[in-house]
Amino acid sequence: MGINVQEMLFQFLGGLGIFLYGIKLMGDGLQQSAGDRLRDILDRFTTNPLMGVLAGILVTVLIQSSSATTVITVGLVSAGFMTLRQAIGVIMGANIGTTVTAFIIGIDVGAYALPILALGAVFIFFFKSKKMHNMGMILFGFGSLFFGLELMSDGMKPLRSLETFHDLTVNMSSSPILGVVVGTIFTVIVQSSSATIGILQGLFSENLLDLNAALPVLFGDNIGTTITAILASIGASVAARRAAATHVLFNVIGTVIFLIILPLFTQFIHYLTGMLDLEPKMVIAFAHGTFNVTNTLIQLPFVGVLAMIVTKLIPGEDTVIEYKAKHLDPIFIEQSPSIALGQAKEEVIRMGQFAVKGMEEVQLYLKTKNQKHADTATQVEEALNNLDKKITDYLVHLSGTSLSEAELEKHNMLIDAVRDIERIGDHCENIVELIDYQQANKVKITDQAMADLEEMFALTISAVNKSVKALDENDLNLAKEVAQKEDLIDKMERKLRKQHILRMNEGLCTGQAGIVFVDIISNLERMGDHAVNIAEAILGVRDL
């Protein structure tokens with residue numbers, strides 16, 4: 001009987017597409033249910049590598065993607081929220097967390113996939129509650145996962161009569177390295193180890209692969225999944241590239257160890273299968289879980305060695321900015337409120353310096369259109385939000401202590417300064433979005449308009465920089481300079497608007513270009529206002 005290649009391919013690829021969509025939808029639903037707590041979990045509970053492993057497991061179980069956890073981790077390392085040693089623990093945990101998907105697949109509920117899909121659709125379309133909508137996404141994703149697996153499994157059945165496939169599986173059984181290569185390449189293409197493990201479970205349950213061939217493919221799947229972290233680290237900081245390299249190194253070392261003990265590992269899985277009476281899909285799930293847990297236990301004591309190796313492999317000065325609050329020690333609130341006030345001021349100055357850096361990065365993004373400047377500006381905005389929350393909380397706690405009248409004035413001024421600096425960060429984000437819009441819609445801004453923007457950027461950055469410096473040094477002259485610049489910035493904004501209208505009338509620029517130009521100068525003018533607010537507050541509190 002001949003094989004209908006087209007039908008087989010369509011079923012397999014269609015099933016793979018539905019499976020991948022199911023994994024993403026389920027992960028998105030879980031992530032939205034968890035809210036911003038995911039980053040907080042990784043940020044807060046990674047004090048040592050073991051805690052990092054537990055945090056990595058938890059977050060990966062919540063979002064159903066080790067790649068996503070690793071990408072978040074690379075981002076946190078790049079932003080300075082996490083050290084390389086902490087990141088290694090999280091990456092190890094992510095590898096364990098991803099095995100949960102294989103266990104879910106092992107619980108064969110394929111016959112109920114369509115009713116689960118239907119129930120998910122009911123929650124999505126007939127309930128307005130955000131909570132119910134997220135539940136619908138989780139259920140619809142869960143159903144899609146199993147429906148996709150069923151389609152893939154049906155599509156792969158004819159392979160058992162294909163001579164070429166039979167030869168490949170025989171070769172993989174006798175040459176484990178070939179199995180590792182096949183698993184790695186396929187996962188690099190699909191960019192989801194959950195999908196390739198699911199496919200492997202399907203092949204194994206249909207007796208298309210024996211255990212000797214399946215286990216090396218499983219090892220290769222774990223190496224292939226590192227491609228997402230590698231892509232996420234391109235153009236990122238040295239620390240982020242090192243975190244991605246650790247992910248690769250961890251899985252390669254694990255694969256080498258398990259290839260060496262492969263006969264022993266195969267015997268152990270056979271023993272486990274008999275003892276627990278495992279279904280074929282669950283056999284692969286247990287093999288996957290055992291591989292990742294054992295690999296973590298072996299390598300966890302050598303986190304420092306892994307960090308040293310990747311530091312040697314990827315040399316260079318680490319340019320990570322430490323975005324965590326440095327000066328906010330809660331012990332001073334009780335023991336010495338005046339020192340605590342000084343500590344809060346130091347942190348506000350740091351926050352102001354970040355705002356200036358963010359503005360400089362936005363200006364470079366406008367000028368060069370290099371994505372790395374936009375990414376840095378986005379990281380700075382996240383840092384400003386983080387510092388805003390931490391400093392405000394600290395100052396709120398401080399307000400409950402016995403502050404003198406002068407100290408209370410300084411305290412209120414710092415709270416206002418934090419709000420102004422955070423708003424400057426928001427305006428930076430607005431301008432990045434406008435430049436993104438310009439790029440996406442191929443909007444051409446004239447050379448004259450670009451020169452005008454450069455001039456206004458320089459003036460506004462100077463105003464913000466001077467206001468932060470005036471706050472730092474309590475320099476009344478600098479504060480007066482900034483206050484005087486308000487008029488200059490306002491006049492420049494009005495002048496540039498008029499010049500833009502003239503260019504529009506002469507047909508030198510389009511309406512779209514006008515929207516981008518006017519919105520950018522409007523955001524710059526508001527940044528200038530926030531700088532002036534800080535300066536005027538300093539003039540009002542002379543003895544800071």
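Numbering of residues begins at 1 and proceeds along the displayed sequence. Heavy atoms only: backbone and side chains are in, while hydrogens, waters and symmetry mates are out. Model, not experiment: these values are computed from the prediction.
- Residues I88 and F250 have side chains not in contact (no heavy-atom distance under 4.5 Å, counting atoms from C-beta outward).
- The residues R350 and E346 are annotated as not salt-bridged, no charged nitrogen and carboxylate oxygen being separated by less than 4.0 angstrom.
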Exercise for the section: Determine, step by step, whether T196 and T187 satisfy the side-chain hydrogen bond (donor to acceptor under 3.5 Å, both in side chains) criterion, reporting the C-alpha distance in whole Å, the side-chain angles of both residues, the deciding distance to 0.1 Å, and the verdict. Expected result: CA-CA 6 Å; T196 47; T187 309; 3.1 Å; yes
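- Defined by atom type and a distance below 3.5 Å, a donor-acceptor pair is present between the side-chain atoms of D388 and T392.
- The closest donor-acceptor contact from the side chain of N441 to the backbone of Y437 lies under 3.5 Å.
- Using modelled atom types, one side-chain atom of K345 and one backbone atom of D472 make a donor-acceptor pair closer than 3.5 Å.
- Screening E360, E361, Q371 for a side chain to side chain contact (heavy atoms under 4.5 Å, CB included) with T376, the sole residue that qualifies is E361.
- Atom CE of residue M527 and atom OG of residue S522 lie 10.5 Å apart, to the nearest 0.5 angstrom.
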Exercise for the section: Dump the intermediate steps for side-chain contact (heavy atoms from CB on, under 4.5 Å) on L471 and V348, then the final yes or no. Expected result: CA-CA 9 Å; L471 178 61; V348 174; 3.8 Å; yes
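- Residues passing the side chain to side chain donor-acceptor pair (under 3.5 Å) test with D519: none are found, sequence neighbours excluded.
- V380 places none of its side-chain heavy atoms less than 4.5 Å from the side chain of C428.
- Using a 4.5 Å cut-off on side-chain heavy atoms (C-beta onward), I538 and N474 make contact.
- For T184 (side chain) and V180 (main-chain N/O), a donor-acceptor pair under 3.5 Å exists by modelled atom type.
- Remark: the backbone N or O of A307 is not paired with any side-chain donor or acceptor of R242 at under 3.5 angstrom.
- Considering all non-hydrogen atoms of both residues, I91 and N95 come closest at O-ND2, 2.8 Å.
- Heavy-atom minimum distance, I489 versus G528: CD1-CA, 3.8 Å.
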Handout entry: side-chain contact (heavy atoms from CB on, under 4.5 Å) evaluation trace for F457 with V362
Key = CA-CA 9 Å; F457 250 111; V362 173; 3.7 Å; yes
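- Looking at heavy atoms from C-beta onward, E454 lies in side-chain contact with Q363 at the 4.5 angstrom threshold.
- D452 contributes atom CG, which lies 5.0 Å from atom CD of Q499 (distance to the nearest 0.5 angstrom).
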Exercise for the section: Under the side-chain contact (heavy atoms from CB on, under 4.5 Å) rule, what do L16 and I199 come out as? Steps first, then yes or no, please. Expected result: CA-CA 9 Å; L16 178 61; I199 292 163; 4.0 Å; yes
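- Between the side chain of T226 and the main chain of I223, a donor-acceptor pair closer than 3.5 Å is present.
- The shortest side-chain heavy-atom distance between K410 and M413 does not fall under the 4.5 Å cut-off.
- To the nearest 0.5 angstrom, L384 atom CG is 12.0 Å from K357 atom NZ.
- Salt bridge D426/R423: present, at least one basic N to carboxylate O contact under 4.0 Å.
- Not a single donor-acceptor pair under 3.5 Å links the side chain of K466 to the backbone N or O of K480.
- Using a 4.5 Å heavy-atom threshold, the side chains of F140 and L119 count as separate.
- No donor-acceptor pair closer than 3.5 Å links the side chain of N370 to the backbone N or O of H373.
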Practice task
Take R497 and V518, measure what side-chain contact (heavy atoms from CB on, under 4.5 Å) needs, and give me the verdict at the end.
Solution key: CA-CA 7 Å; R497 276 178 187 271; V518 169; 3.2 Å; yes
Handout entry: E481 vs N477, side-chain hydrogen bond (donor to acceptor under 3.5 Å, both in side chains): CA-CA, chis, key distance, verdict
Key = CA-CA 6 Å; E481 263 187 65; N477 291 325; over 6 Å; no
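- Nearest heavy-atom pair across I461 and V356 is CG2-CG1, 4.3 Å.
- Across all non-hydrogen atoms, the minimal contact from S144 to I18 is O-CG2, 3.3 Å.
- Looking at F142 and L117, their side chains never come closer than 4.5 Å, going by heavy atoms from C-beta outward.
- At distances below 3.5 Å, at least one donor-acceptor pair connects side-chain atoms of K369 with backbone N or O atoms of L366.
- In terms of heavy-atom proximity, A374 sits nearest to V432 at CB-CG1, 4.2 Å.
- Taking NE2 of H427 as the start and CG of N430 as the end, the distance is 6.5 Å to the nearest 0.5 Å.
- With a 4.5 Å cut-off on side-chain heavy atoms, E381 and N385 count as touching.
- Listed here is the closest heavy atom pair of M456 and I521: CE-O, 3.5 Å.
- Put simply, CD1 on I515 and CG on L434 are 10.0 Å apart, with the number rounded to the nearest 0.5 Å.
- Looking only at distances, a side-chain donor or acceptor of N251 sits under 3.5 Å from a matching main-chain atom of H247.
- Between E422 and R419 there is no salt bridge, since no side-chain N of the basic residue sits under 4.0 Å from a carboxylate O of the acidic one.
- In this structure, a donor-acceptor pair under 3.5 Å is absent between the side chains of E382 and N386.
- Within the 3.5 Å criterion, the main-chain N or O of A458 finds no donor-acceptor partner in the side chain of S462.
- With values rounded to the nearest 0.5 angstrom, N134 atom CG is found 10.0 Å from L25 atom CG.
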